[in-house]
Every structure is written in C-alpha cells, then in structure tokens.
Q: 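Have a look at this one.
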Amino acid sequence: MPELPEVETIARGLREPLVGRRFTGLRVGWENLVARPTVEEFERGLVGQRILGVKRRGKYLVFALSGGESLIVHLRMTGRLLIKNSGDQPDKHDYLIFELDDGRELRFNNVRKLGRVYLVDDEDEVMGRLGPEPLDDDFTSADFPALLSGRRGMIKPLLLNQRFMAGIGNIYADEALFAARIHPERKADTLTASEIERLYHAIRRVLAQGIRNRGTTFSDYLDAEGREGRNQEYLRVFRRTGQPCPRCGTPIERTVVGGRGTYFCPKCQK
DNA sequence: ACCACAACCTGGCCGC
DNA sequence: TGCGGCCAGGTTGTGG
C-alpha cells in the first residue's frame, strides 16, 4: 500500500509524538515481523532507547536512537504505524506494540503480516542498495538520462525497481507514465530525450502531489493519526478502467505488466 | 541484465 | 450462507 508519499506523510506525523520519547516496552504478536536481529535481541536493544529523529528513505521509515542504532520499518502492503494511548482498544492486527514513556504507544498494524522491522547499527545494512530519492534537490533532470542508460527492460518495472529509484510503487508509476504520455511497456532504451525529460518532471509532480494530498487511500492506508489520504480523488488512470481519459476521453484500460496490474490510456500513451 | 514465477499473508469481492 | 477463486498499493529469492 504505502509508497513514497504515504510513508512521507506518516514520517511527518510521527515526528511530534515520537522525537524525545523513550521506548519503555515492546509487545510482540507476530514474531516474523522482526526481520533482524532475533526477537529477543530486538527487544533488548530497543527498550530504554530514546528517539532522536524520524525520517523516510524510499518506502522505509528510519528512527534514529540514542544508542546510535537505527530502528527501520517497512510497511509493505498493508502496514500502518499508529500513535495510540495505551488504554485505547487494540486492533487484532496490531502485531507489534512499542510502549512509550508518556503513556502512549506506537502500534505496527499489519493485516497481511508482510511488514518488517530491523534494528541495525548502520542503516545501509538495510537500505544500502536503494536508488536515488526522486524528490531530492540534488537529483536533477540532468541526472535522469544517465540513470536510464544501459537499461533495456520495460519502463514500468524499472520505475518499480527500488535499486533504480527509491519510493515509487504501482500507483505513482502508472500516474507518472500517464502524465509523461509514455506506454508502460516501452523499453527504457527507446525513450527519446524529450520523453525522458517529461518522465523526470512527471515523477516529481505526481509524488509531490501525493504528499500534498497526504497520500492515497483505497482501503488500507492511514496516517499516524489514523486519517485517510485524499490523493485517490486526484488520480487520473490508476484503478479507473473504462472511465474516460482526462486528456482525450478514450476509456482507460487495465493490463498486466511485469506481473502488476497496470492502468493507462491506449491513445495518449505510445 | 532481464524475465517469469513463487513465496510471504489475510481479507474483500465475485460468481455459483 | 457457504465456498472456491481471484485480487490487492511490496519485496525477495530462484531458475532460466
């Protein structure tokens, strides 16, 4: 579910309640969510540490801890990070509950149990192979052609490859390709210079819009306070099969590209 | 490098 | 109402 804009919205919402707090306890309802180290070492290493900062990298959330380690969380498909009071009704899918020193809790809610948490000395152990941050100031339109060079596969699976670029998922890949008027199955090495330029700006525009709208909620996504996003009201092709293309009126089509459901306008996207 | 496919999981929806 | 099949915003590993 959560892609860069959703994870960014969560990170922003977690800063105020978490920075300066200390973890006082951990309750584990599904051990496989703890990717590393072992559950016992994870709990022992975490409890007692103060949270110094919260940031996002790609689709990961990173919590800098007072002992120098980093707590890293990936929400995968259905993960949520919610701030609750300790007395609040627990949800059956709250599989990790981080107790805080102010009577509140950080709850990792995760219906499909696919999310993962890590406690590591060096965040590169988890995120070292991620591609560039598409919204960084130092990622410019001049960098994008070089990033694409040598890539011969289809453009959509490439956008979804986190080692190519960090943070893009299925929704924003389709939206960016529509905005750039590029067919999702185009081979990366057939894109013209102007298409590459359009794609660069389209990626940044759709991600920035997603953040402005506080993320896209179809079913699962909620921010740290449990609120839905509203970017679903602004999507132009994603999950809009049969509805008219906002540019030309042709019905939007759905196909499968690289194993993922893919929405596009067959007339605008060549 | 690239591609297809399976695995990890549960819940919602659809058709029968 | 029940049941099987399919689908889902992500990632990783395997085999070709």
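For the numbers below, each heavy atom of this structure counts, side chains included, while hydrogens, waters and symmetry mates do not. As the structure is a prediction and not an experimental result, all values here were calculated from the model. Chain naming here is simple, since letters A, B, ... match the order of the sequence lines and numbering starts at 1 in each.
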Q: Provide, to the nearest angstrom, the distance between the CG atom belonging to A:Leu160 and the P atom belonging to C:dA8.
A: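 The distance from CG of A:Leu160 to P of C:dA8 comes to 13 Å, rounded to the nearest Å.
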Q: Hey, does A:Arg239 reach any base, or is it just sugar-phosphate, or nothing, if we go heavy atoms under 4.0 Å?
A: base
Q: For the side chain of A:Arg112, counting heavy atoms from C-beta on, which of B:dA1, C:dA8, C:dG9 is nearest?
A: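 The listed nucleotide nearest to A:Arg112's side chain is C:dA8.
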Q: Both A:Arg129 and A:Met77 contact DNA chain C. Which one's nearest nucleotide lies toward the 5' end?
A: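 Of the two residues, A:Met77 wins.
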Q: From the options C:dC7, B:dC8, C:dT11, select the nucleotide whose nearest atom is closest to the side chain of A:Leu114.
A: B:dC8
Q: Between B:dA4 atom P and A:Asn161 atom CG, what is the distance in whole Å?
A: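 Roughly 15 Å, once rounded to whole Å.
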Q: Taking the P atom of each, how far is B:dG11 from C:dT11, in whole Å?
A: 22 Å
Q: Could you check whether A:Thr216 gets within reach of a base, just the sugar-phosphate, or nothing at all, counting any heavy atom under 4.0 Å?
A: base
Q: When you measure from the side chain of A:Glu3 to the backbone of A:Asn170, do you find a donor-acceptor pair of N or O atoms at a distance under 3.5 Å?
A: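 Looks like yes, one N/O pair under 3.5 Å.
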Q: What is the distance, to the nearest angstrom, from the CG atom on A:Leu75 to the C1' atom on C:dG9?
A: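 Distance, rounded to whole Å: 11 Å.
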Q: Which pair of non-hydrogen atoms, one from A:Cys268 and one from A:Arg181, has the smallest distance, and what is that distance?
A: O-CB, 3.5 Å
Q: Compare side-chain N and O positions of A:Lys156 against OP1 and OP2 of B:dC3 and report whether any pair is under 4.0 Å apart.
A: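 So the side chain of A:Lys156 is outside the cut-off, no N or O lying under 4.0 Å from OP1 or OP2 of B:dC3.
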Q: To the side chain of A:Asn32, which of C:dG10, B:dC9, B:dT10 is closest?
A: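 My answer, after comparing the listed nucleotides, is B:dC9.
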Q: Give A:Gln162 one of three labels, base, sugar-phosphate or nothing, depending on what nucleic acid heavy atoms sit under 4.0 Å from its own.
A: sugar-phosphate
Q: If pairing requires Watson-Crick or G-U wobble contacts with both distances under 3.5 Å, which nucleotide is the partner of C:dG4?
A: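 Paired with C:dG4, as far as the under-3.5 Å criterion goes, is B:dC14.
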Q: The side chain of A:Arg151 lies closest to which of these nucleotides: C:dT12, B:dC2, B:dC9?
A: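 Minimum distance to the A:Arg151 side chain belongs to B:dC2.
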Q: Rounding to a whole Å, what distance do you find between A:Phe164:CZ and B:dC3:P?
A: 13 Å
Q: Starting at atom CZ of A:Phe108, determine the distance to atom P of B:dT10, rounded to an integer number of angstrom.
A: 15 Å
Q: When the C1' atoms of C:dG9 and B:dC3 are compared, how many Å lie between them, rounded to an integer?
A: 22 Å
Q: Going by ring pair (Phe, Tyr, Trp, His ring centres under 6.0 Å), A:Phe238 matches just one of A:Phe218, A:Phe178, A:Tyr172. Which one?
A: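 Among the candidates, only A:Phe218 passes.
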Q: Using whole Å, report how far CZ of A:Arg116 lies from C1' of C:dG13.
A: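 Going from CZ in A:Arg116 over to C1' in C:dG13 covers 13 Å.
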Q: For the side chain of A:Arg152, starting at C-beta, report the closest nucleotide among B:dA1, B:dC3, C:dG9.
A: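 Comparing B:dA1, B:dC3, C:dG9 against the side chain of A:Arg152, the answer is B:dA1.
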Q: Which whole-number value in Å describes the distance from A:Arg80 CZ to C:dA8 C1'?
A: 14 Å
Q: Any side-chain to backbone donor/acceptor pair from A:Glu175 onto A:Arg236? Under 3.5 Å, distance only.
A: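 Confirmed, A:Glu175 side chain pairs with A:Arg236 backbone.
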Q: Do any side-chain nitrogens or oxygens of A:Lys113 fall under 4.0 Å of OP1 or OP2 in B:dC8?
A: no
Q: With a 4.5 Å limit on heavy-atom distance, are the side chains of A:Phe264 and A:Asp174 in contact?
A: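 A side-chain contact is absent here, since even the closest heavy-atom pair is not under 4.5 Å.
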Q: Would a 4.5 Å heavy-atom cut-off, applied to side chains only, mark A:Leu26 and A:Val39 as touching?
A: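 Sidechains of A:Val39 and A:Leu26: no contact.
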Q: I want to verify a distance call: between C:dG9, B:dC9, C:dC7, whose nearest atom is closest to the A:Phe238 side chain?
A: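 Closest nucleotide to the A:Phe238 side chain: C:dG9.
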Q: Using a cut-off of less than 4.0 Å, is there contact between a side-chain N or O of A:Lys187 and OP1 or OP2 of B:dC2?
A: no
Q: Quick check on DNA chain C: between A:Val126 and A:Glu6, whose nearest nucleotide comes earlier from the 5' end?
A: A:Glu6
Q: Between the base of B:dG11 and the side chain of A:Ser219, is one N or O donor paired with an acceptor at under 3.5 angstrom?
A: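 Side chain to base: no pair below 3.5 Å.
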Q: Using a 4.5 Å cut-off on heavy atoms from C-beta on, say whether the side chain of A:Ile83 contacts that of A:Leu106.
A: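 Yes. Closest side-chain heavy atoms under 4.5 Å.
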Q: Could you state the atom-to-atom distance from CZ of A:Arg260 to P of B:dA4 in whole Å?
A: 14 Å
Q: So, does A:His93 get its side chain near the phosphate of B:dG11, meaning an N or O under 4.0 Å from OP1 or OP2?
A: yes
